[in-house]
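Along the sequence shown, the residues carry numbers beginning at 1.
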Amino acid sequence: MITRFGINKILAGLARFVSSILTPLLMPTYGAIIVLWASVLCTNPTGHRVAVTMVILGITCVLPMIGIGVLHHFGVISDKRLGKSSERHIPYAIALACYTAATFYLNHVHSPMWFTMFAAGGTVALLITALVNIKWKISAHLTGIGGVVALVYQLHSMNLGVFTMKWLLCAVILLAGVLGTARLILKCHTVMQAILGFVSGFTCVTLAMKLFG
């Protein structure tokens with residue numbers, strides 16, 4: 001018979017797994033995959049699409065992870081998961097620099113402006129999260145997935161998908177709910193911190209893609 005403690009342990013393990021695969025550092029890559037394989041850009045050569053995806057992964061995920069690892073190695077931060085708000089400033093600065101570089105990269109390879117603005121909106125959302133987290137706390141995880149939900153919604157509303165995007169939109173909204181629940185199970189955030197994180201990511205990407213894309 002599974003005890004209450006056992007159930008809680010299983011839930012915590014699942015919550016950590018969900019948080020890991022839906023980390024903010026992977027959201028730009030997930031967004032790139034959606035754009036390059038589910039939008040009108042899917043007609044581009046496969047090699048080009050793979051190359052762009054891998055560069056985005058390297059800039060926005062691998063490089064920040066290396067930076068966080070180096071900071072942890074030299075004792076600048078005590079926890080790679082950045083549990084202490086006082087230790088988040090330098091990692092956030094590294095992530096911001098990488099997100100900004102990804103935006104310029106997409107512009108350099110002549111991506112459609114709406115794709116570049118997805119990256120730019122994500123960068124602004126990350127900046128807002130970093131500034132808020134100086135004094136308070138909002139969920140970077142929900143900020144990231146909020147940006148991806150905004151991306152899929154814009155692809156749907158601008159008729160840029162190669163199939164009906166409403167099912168993909170429903171899927172990413174469901175994932176956002178699962179991720180928010182996971183963060184609450186782990187007691188990383190309050191409900192309001194999760195909601196505000198999602199709203200921040202969704203709003204920044206939506207405005208960037210609508211106004212400048």
>> Determine whether a donor-acceptor pair (N or O, by modelled atom type, separation under 3.5 Å) exists between the side chain of N133 and the backbone of I138.
In response: yes

>> For N107, is there any backbone N or O sitting under 3.5 Å from a side-chain donor or acceptor partner on S111?
In response: no

>> Using the rule given for side-chain contact (heavy atoms from CB on, under 4.5 Å), can you reason through M158 versus M209, listing the C-alpha separation, both sets of side-chain angles and the distance that settles it, and then say yes or no?
In response: CA-CA 10 Å; M158 293 188 294; M209 292 183 70; 3.9 Å; yes

>> Under the side chain to side chain contact (heavy atoms under 4.5 Å, CB included) test against I56, which residue among V35, T29, I33 passes?
In response: T29

> What closest approach, in Å, do M27 and L22 show between heavy atoms, and which atom pair accounts for it?
Replying inline: CE-O, 3.2 Å

> Any idea which heavy atoms bring Y99 and P24 closest together, and the distance?
Replying inline: OH-O, 2.9 Å

>> Would you compute the distance between atom CG of L155 and atom CG of L41 and round it to the nearest 0.5 angstrom?
In response: 9.0 Å

> Is there a side-chain contact between Y92 and T129, using heavy atoms and a 4.5 Å cut-off?
Replying inline: yes

> S200 side chain to L196 main-chain N or O, any donor-acceptor pair under 3.5 Å?
Replying inline: no

> Counting only heavy atoms not in W136, do more than 12 fall under 6.0 Å of its CH2?
Replying inline: yes

> Going only through I, L, V, M, F, W and Y residues with side-chain contacts under 4.5 Å, is there a path from L169 to L160?
Replying inline: yes

> Any chain of hydrophobic side-chain contacts (each under 4.5 Å) joining M54 to L63?
Replying inline: no

> With a 4.5 Å heavy-atom cut-off, do F163 and M165 have their side chains touching?
Replying inline: yes

> Does some side-chain heavy atom of I94 sit less than 4.5 Å from a side-chain heavy atom of L71?
Replying inline: yes

> Are V124 and F198 connected in a single hydrophobic cluster, I mean Ile/Leu/Val/Met/Phe/Trp/Tyr linked by side-chain heavy atoms less than 4.5 Å apart?
Replying inline: no

> Minimum heavy-atom separation for V205 to G122, with atom names?
Replying inline: CG2-N, 3.8 Å

> Does the side chain of F118 reach to within under 4.5 Å of the side chain of L106, using non-hydrogen atoms?
Replying inline: no

> Is atom OH of Y153 surrounded by more than 12 heavy atoms (other residues, nucleotides or ligands) closer than 6.0 Å?
Replying inline: no

>> So does G75 get a backbone contact from the side chain of S78, meaning a donor-acceptor N/O pair under 3.5 Å?
In response: no

>> So does L26 get a backbone contact from the side chain of T23, meaning a donor-acceptor N/O pair under 3.5 Å?
In response: no

> Is the backbone N or O of T164 less than 3.5 Å from a side-chain atom of H156, with the two atoms forming a donor-acceptor pair by type?
Replying inline: no

>> Distance check, rounded to the nearest 0.5 Å: C170 atom SG versus L175 atom CG?
In response: 11.5 Å

> Say you draw a straight line from CD of Q193 to SG of C188; how long is it, rounded to the nearest 0.5 Å?
Replying inline: 10.0 Å

> Which heavy-atom pair separates S19 from A182 by the least distance, and what is that distance?
Replying inline: OG-CB, 4.2 Å

> Are the side chains of V76 and H72 in touch, meaning some heavy atoms are under 4.5 Å apart?
Replying inline: no

>> Are F212 and L207 packed together at the side-chain level, in the sense that at least one heavy-atom pair is separated by less than 4.5 angstrom?
In response: no

> Do you know which two heavy atoms are closest between T60 and P28, and how far apart they sit?
Replying inline: OG1-CB, 3.6 Å

>> Let me confirm one number: the CG-SG distance from L36 to C42, rounded to the nearest 0.5 Å.
In response: 9.5 Å

>> Using a 3.5 Å distance criterion without hydrogens, assess whether the side chain of S139 forms a donor-acceptor pair with backbone atoms of A194.
In response: no

>> Looking at L151, is its backbone amide N or carbonyl O close enough to the side chain of Q154 to form a donor-acceptor pair, meaning the two atoms are under 3.5 Å apart?
In response: no

>> How long is the straight-line distance from CZ of R183 back to NE2 of H141, given to the nearest 0.5 Å?
In response: 4.0 Å

> So how far is it from C98 SG to L126 CG, rounded to the nearest 0.5 Å?
Replying inline: 10.0 Å

>> Between L184 and L179, is there shared hydrophobic-cluster membership here, with clusters defined by ILVMFWY side-chain heavy atoms closer than 4.5 Å?
In response: no

>> Could you tell me if the side chain of V172 sits less than 4.5 Å from the side chain of I145, heavy atoms only?
In response: no

> Is the number of heavy atoms from other residues, nucleotides or ligands under 6.0 Å of F74 CZ greater than 12?
Replying inline: no

> Honestly curious: do I173 and L168 fall in one hydrophobic cluster under the side-chain, below-4.5 Å linking rule?
Replying inline: yes

>> Please check this pair: side chain of R49 against backbone of N44, looking for a donor-acceptor N/O pair closer than 3.5 Å.
In response: yes

> Which pair of heavy atoms, one from S39 and one from W114, lies closest together, and at what distance?
Replying inline: OG-CH2, 3.8 Å

>> Quick check: do T116 and T103 have side-chain heavy atoms less than 4.5 Å from each other?
In response: yes

